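Let me begin by presenting the structure, written as structure tokens, before commenting on it.
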Amino acid sequence: MAIVPYLVLTDPKRRLVSLAWCVALLVPLGQESLRDDIYWSPYYKVETTAKEGMPGFMEIRANRVPHQLMAPAQWKIEQGEHIYEMPYNRLPVGDLGNVLIIGAGSGSDVAIALSKGAQSVDAVDIDPVIMELGAAHNIDRPYDDPRVTRHVDDGRAFLQNTDKKYDLVLFALPDSLTLVSGASQIRLESFLFTDEALQSVNRVLTEDGAFAMYNYYREDWLIDRLAGTAAKAFGHAPCVDTFAGQQAVISVAKQESSQTCGAAWTPSASAEEIGTVSDDAPFLYFRGNGFPPLYAITLFGILAVTVLTVRVLGGPLKEMRPYADLFFMGAAFLLLETKNIATFALLFGTTWFVNALVFAGVLVVVLAAVETERKFKTPPLKVVFAAIAVSLAAAWVIKPEWLLALSFWPRLIAGTVLAFLPIYLANIAFAKRFRESSNSQSAFALNLIGTIVGGCLEYLALFSGYNNLLIATLLLYGLAFWLVPRGAARTA
């Protein structure tokens, strides 16, 4: 799809050389695509390996990392990990009506729920390929059962949009191996483990309903954080069962009297210090005890390489000094883009389609701003910067969680206006300023350094939350306006 238009648009004199490079790229990609044991999902390279002499067993790897073991439900209950059966032992006994499983994957958790008597199962997973592998190869055939309905969707988005009531909600190992995008430190499952997410779980449960989540948590403090989140959402302590390798099951019934714990969970001495996570800062795996040294070293290396490369290719840095305002515009813009990716992930889910819409929207808005500046007379820079400040203040005041209560179309309209209006105005300001630059290479070079700095500043969200990134963005645009040469400000 990319190579055909590329070859059509290539200079005819270079087309043969370009074709050779394209063939060199297509051959290894073709080999990967034609292998029977490799599948490409919107998120992963998925590889499968059947276990010899063990019918019904299949290992699923995502991006070359072991991800799931598809196995018969009976084996998982009797000989596999204990985490799969524990929720049914700790929670209310009786008719298991509607069950919601988030992280249904290849179907083993669904098969176990059916074996426990579930009358209806909504199976939710964000990855369509892994779910299809379960439909095709799971020996228990859970997805063929008429009681099961498959949903390819983000788990938090499904919770937010459903009006159905469930007797049991399970988070069945819903851990991803990838980020929402390279422009955000949000993982695909990040918004599932916040205070607001478990409050949504509480909302969709029947009066006698219950919730459980299980995984290989590996860290005691992480188990404490998740147990504390459940206690906060339900108003009483959950059951916590741990096994070898830091496997853990956290189970909680809506009515405390309905759960049967081996031993009641009591928070550790550091649990209060660790705290829970919110939609504004959904960093489940960040303990909060200082900035990670590895991140600091990596970010410093990225900045050093960026400055060195721009110096070599863009010319002397002293020639870029008149465009210091464009440096801060670049930093502010990338910070703004990062915040909007986080907002849309919360409002509409962390699916690849939502991410594609956000990036497409950013590009369209940038183009619209450039064309507006090219074809129409726009207000002076000081007016545009004032409008940027007002739009950022509005986006800061109107919290994304307020929009979650709206139905889809009002939420889409409100979210789009709040997210893209500052981007549109910022690019009008950039286009006006860039047009007045006498040395476009130096101006663009310094703007590029600024965007890299803005990307590094995203990590402020670890401590401030995403919404407060708007304050940093406003300060950066304020510095940009202060550094605009007075002559350029008058003529632009």
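Both backbone and side-chain heavy atoms feed into the values below; hydrogens, waters and symmetry mates do not. Because the structure is a prediction, the values reported are computed rather than measured.
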Minimum side-chain heavy-atom gap [X]-[Y] below 4.5 Å:
{"X": "Phe171", "Y": "Val201", "value": "yes"}
{"X": "Val453", "Y": "Leu303", "value": "yes"}
{"X": "Tyr214", "Y": "Gln247", "value": "no"}
{"X": "Ser464", "Y": "Leu469", "value": "yes"}
{"X": "Trp409", "Y": "Leu412", "value": "yes"}
{"X": "Phe333", "Y": "Asn427", "value": "yes"}
{"X": "Lys164", "Y": "Asp122", "value": "yes"}
{"X": "Lys339", "Y": "Thr473", "value": "no"}

[Y] versus [X], side-chain donor and acceptor atoms under 3.5 Å:
{"X": "Tyr84", "Y": "Ser108", "answer": "no"}
{"X": "Arg61", "Y": "Thr49", "answer": "yes"}
{"X": "Asp195", "Y": "Thr276", "answer": "yes"}

Between [X] (side chain) and [Y] (backbone), is there a donor-acceptor pair under 3.5 Å?
{"X": "Lys76", "Y": "Asp109", "value": "no"}
{"X": "Asp125", "Y": "Val152", "value": "no"}
{"X": "Ser391", "Y": "Ile388", "value": "yes"}
{"X": "Tyr143", "Y": "Met131", "value": "no"}
{"X": "Asn98", "Y": "Ser120", "value": "no"}
{"X": "Asp127", "Y": "Val129", "value": "yes"}
{"X": "Gln441", "Y": "Gly314", "value": "yes"}
{"X": "Asp280", "Y": "Asn467", "value": "yes"}
{"X": "Asp37", "Y": "Glu47", "value": "no"}
{"X": "Arg225", "Y": "Leu284", "value": "yes"}

* To do: Can you see which heavy atom on Ala118 is nearest to which on Val121, and at what distance?
  =>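 Nearest pair, atom of Ala118 first, then Val121: CB-CG2, 3.8 Å.
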* Locate the shortest heavy-atom distance separating Leu446 from Tyr323; write the atom from each residue and the value. => CD2-O, 3.3 Å
* To do: Among Leu168, Ile250, Leu100, Leu198, find the residue that satisfies the side-chain contact (heavy atoms from CB on, under 4.5 Å) test when tested with Phe211.
  =>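 Checked Leu168, Ile250, Leu100, Leu198 against Phe211; only one passes side-chain contact (heavy atoms from CB on, under 4.5 Å): Leu198.
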In Å and rounded to the nearest 0.5 Å, what is the [atom1] to [atom2] distance from [X] to [Y]?
{"X": "Leu347", "Y": "Arg411", "atom1": "CG", "atom2": "CZ", "result": "6.5 Å"}
{"X": "Glu337", "Y": "Thr451", "atom1": "CD", "atom2": "OG1", "result": "10.0 Å"}
{"X": "Phe385", "Y": "Leu474", "atom1": "CZ", "atom2": "CG", "result": "11.0 Å"}

Hey, can you tell me if [X] and [Y] have their rings parallel, tilted or perpendicular (30° and 60° cut-offs)?
{"X": "Phe420", "Y": "Phe344", "value": "tilted"}
{"X": "Phe158", "Y": "Tyr166", "value": "tilted"}
{"X": "Phe434", "Y": "Phe444", "value": "perpendicular"}
{"X": "Tyr295", "Y": "Tyr459", "value": "perpendicular"}

* Taking everything shown except Phe463 itself, do over 12 heavy atoms lie less than 6.0 Å from its CZ? ->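 More than 12 heavy atoms, drawn from other residues, nucleotides or ligands, come within 6.0 Å of this atom.
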* **Over 12 non-hydrogen atoms of neighbours within 6.0 angstrom of CH2 in Trp396** => no
State whether [X] and [Y] are salt-bridged, where the test is any N-O pair (Lys NZ or Arg NE/NH1/NH2 against Asp/Glu carboxylate O) under 4.0 Å.
{"X": "Asp154", "Y": "Arg156", "answer": "no"}
{"X": "Glu32", "Y": "Lys45", "answer": "yes"}
{"X": "Arg433", "Y": "Glu373", "answer": "no"}

* **Stepwise salt bridge (charged side-chain N to carboxylate O under 4.0 Å, His left out) check, Glu189 with Arg187** => CA-CA 5 Å; Glu189 82 281 13; Arg187 292 161 60 101; 2.8 Å; yes
